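It should be emphasised that the depicted structure is a prediction, and the values quoted were computed from it without experimental measurement.
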Amino acid sequence: KKGFSSELFNNLVNVRHTHPEIQGPKLLDWDVEQGWYKEERIYGRPLNRISSSFAREKTFDAAKNSLSLLYQKTYVKEPSVNWLLMRQQTIGRLIQQLPDIYESNIRIQIINLTSYLVEKINASLGESGCVTFPVALTHGDFQPGNIFVPEDMSDESVYLIDWEYAALRCTWYDAMVFNLQTRFPSGMADRAIAWLGNNAFQNETLRWSSGNILGQVPSYLILYCFL
């Protein structure tokens, strides 16, 4: 992993070492100081390279089930005040780490957008009376390229790879990443608006990750928190 972020590298190793039950290549050995790890070789292809709809659906169901079990194991209820403070601190730290190519006006735009979303979330919390969020360890980059269909599905039902962005987040985070296709920024706003206007799509997105959360938290608040 030469040239790879040491922070992300350490996070990947820590998550996979702490949670060996995660379905994916087994972590065999590592040295975080030297920046390397050894893992089991797996044979498979990413979900978006599979032509069989049956194999795609079976593997995607297995991926969702694997993450659901991880959420159950790491689930906590986080007071909304604490959650907002942690998010703001994280965003502030990441802004400081942006390469110099991001000029000050772009950084200011991000800060302003963050402040706007915080205001909207606080206003929404006042309306809904919700004071805690369901939080758990999430993958962070749950998209087809990181969901592998095993070559021999009799041995494993799914391989989930690339855990460097794993972190404690609202339980709906991975589902929103996948369904809103956040890997492709173009058209993201349109997809988010479409999601807000489609109850069936909301239920499909949230049912496996957050249960009946829509009965407790308004959909627009879920979207604000995700953003």
- Cation-pi, Trp83 ring and Arg87 (6.0 angstrom, 45 degrees): yes
- Query: Hey, does Thr59 have a side-chain heavy atom less than 4.5 Å from the side chain of Tyr159?
  - Reply: no
- Task: Decide whether Leu84 and Ile110 are clustered together by the hydrophobic rule: side chain heavy atoms of Ile, Leu, Val, Met, Phe, Trp, Tyr closer than 4.5 Å, transitively.
- Result: no
- Heavy-atom donor-acceptor pair, Arg183 side chain to Gln143 backbone, under 3.5 Å: no
- Query: Is the shortest distance from a Lys or Arg side-chain nitrogen in Arg93 or Glu7 to a carboxylate oxygen in the other one below 4.0 Å?
  - Reply: yes
- Item | Expected output: side-chain Arg207 to main-chain Asn212 donor-acceptor under 3.5 Å | no
- Item | Closest heavy-atom pair and its distance - Tyr165, Arg169 | O-NH2, 2.6 Å
- Item | side chain to side chain contact (heavy atoms under 4.5 Å, CB included) between Asn122 and Leu125, intermediate numbers included | CA-CA 5 Å; Asn122 279 326; Leu125 288 172; 4.3 Å; yes
- Task: Quick one: closest heavy-atom pair of Ile50 and Pro46, and the distance?
- Result: CG1-O, 3.5 Å
- Query: CD/Gln216 to OG/Ser210 distance, rounded to the nearest 0.5 angstrom?
  - Reply: 9.5 Å
- Query: Rounded to the nearest 0.5 Å, how far apart are CG of Leu67 and OG1 of Thr138?
  - Reply: 8.5 Å
- Looking only at atom types and distance, does a side-chain atom of Gln202 sit under 3.5 Å from a main-chain N or O of Leu196, one as donor and one as acceptor? yes
- Task: State whether the number of non-hydrogen atoms from other residues, nucleotides or ligands found under 6.0 Å of Glu21 atom CD is greater than 12.
- Result: yes
- For the residue pair Ser209 and Thr171, confirm or rule out a side-chain donor-acceptor distance under 3.5 Å. no
- Query: What are the two closest heavy atoms between Asn11 and Ala166, and how far apart are they?
  - Reply: ND2-O, 2.8 Å
- Any sub-3.5 Å donor-acceptor pair from Glu40's side-chain atoms to Lys26's backbone N or O? yes
- Message: Please report the interatomic distance CG(Leu12) to CG(Leu27), rounded to the nearest 0.5 Å.
- Response: 7.5 Å
- Item | Minimal non-hydrogen separation, Leu168 against Thr74, with atom names | CD2-O, 4.5 Å
- Message: Between Ile22 and Val15, is there a side-chain heavy-atom distance shorter than 4.5 Å?
- Response: yes
- Query: Do the side chains of Met188 and Met176 join up, straight or via other hydrophobic residues, at under 4.5 Å, putting them in one cluster?
  - Reply: yes
- Task: Over 60° means perpendicular and under 30° means parallel, so classify the ring planes of Trp208 and Phe142, tilted if in between.
- Result: tilted
- Answer yes when Lys64 and Asp61 have at least one side-chain N-carboxylate O distance shorter than 4.0 Å, and no when they do not. yes
- Please tell me if the side chains of Phe9 and Glu164 come closer than 4.5 Å, counting only heavy atoms from C-beta onward. no
- Could you give me the CA-CA distance, side-chain angles and deciding distance for Tyr43 and Asp152, then say whether side chain to side chain contact (heavy atoms under 4.5 Å, CB included) is met? CA-CA 8 Å; Tyr43 298 89; Asp152 185 353; over 6 Å; no
- Item | Separation of Ser124 OG from Tyr224 OH (nearest 0.5 Å) | 5.5 Å
- Is the shortest heavy-atom distance from the side chain of Thr114 to the side chain of Tyr116 under 4.5 Å? no
- In terms of side-chain heavy atoms, does Gln23 have a donor or acceptor partner in Ser157 at a distance below 3.5 Å? yes
- With a 4.5 Å limit on heavy-atom distance, are the side chains of Lys73 and His19 in contact? yes
- Any chain of hydrophobic side-chain contacts (each under 4.5 Å) joining Tyr173 to Leu214? yes
- If we ignore angles and hydrogens, is there a donor and acceptor under 3.5 Å between the side chains of Asp31 and Tyr37? no
- Can Val149 and Leu47 be said to form a side chain to side chain contact (heavy atoms under 4.5 Å, CB included), step by step? CA-CA 6 Å; Val149 180; Leu47 195 66; 3.9 Å; yes
- Item | Whether Phe133 and Trp172 hold their rings parallel, tilted or perpendicular, with breakpoints at 30° and 60° | perpendicular
- Message: Membership question, hydrophobic clusters at under 4.5 Å side-chain separation (ILVMFWY): are Tyr102 and Ile111 in the same one?
- Response: yes
- Query: Which pair of heavy atoms, one from Leu160 and one from Pro25, lies closest together, and at what distance?
  - Reply: O-CD, 4.3 Å
- Message: Are Ile222 and Tyr220 connected into the same hydrophobic cluster when the rule is that any two of I, L, V, M, F, W, Y join if their side-chain heavy atoms are below 4.5 Å apart?
- Response: yes
- Query: Do the side chains of Ile147 and Phe178 get nearer than 4.5 Å, heavy atoms only?
  - Reply: yes
- Asn14 (side chain) donor-acceptor with Asn10 (main chain) under 3.5 angstrom: no
- Query: Just wondering, more than 12 heavy atoms not from Tyr75 lying within 6.0 Å of its OH?
  - Reply: yes
- Would one find more than 12 heavy atoms of other residues, nucleotides or ligands at under 6.0 Å from atom CD of Gln97? yes
- To the nearest 0.5 Å, atom CZ of Arg191 lies from atom CZ of Phe184 at 8.5 Å
- Got a donor-acceptor contact below 3.5 angstrom from the Ser66 side chain to the Ala62 backbone? no
- Within-4.5 Å side-chain heavy-atom neighbours: Ser219 and Trp195: yes
- Using atom types as modelled and distance alone, determine if a side-chain donor or acceptor of His139 lies under 3.5 Å from a backbone N or O of Ile161. yes
- CG of Asp162 to CZ of Phe148: how many Å apart, nearest 0.5 Å? 8.0 Å
- Query: So Phe201 and Asn199, side chain to side chain contact (heavy atoms under 4.5 Å, CB included) or not? Walk me through it.
  - Reply: CA-CA 5 Å; Phe201 193 18; Asn199 291 337; over 6 Å; no
- Message: Check this for me: does any side-chain nitrogen of one of Glu151 and Arg45 sit under 4.0 Å from a carboxylate oxygen of the other?
- Response: no
- Query: How close do Leu180 and Leu223 get, heavy atom to heavy atom, and via which atoms?
  - Reply: CD1-CD1, 4.2 Å
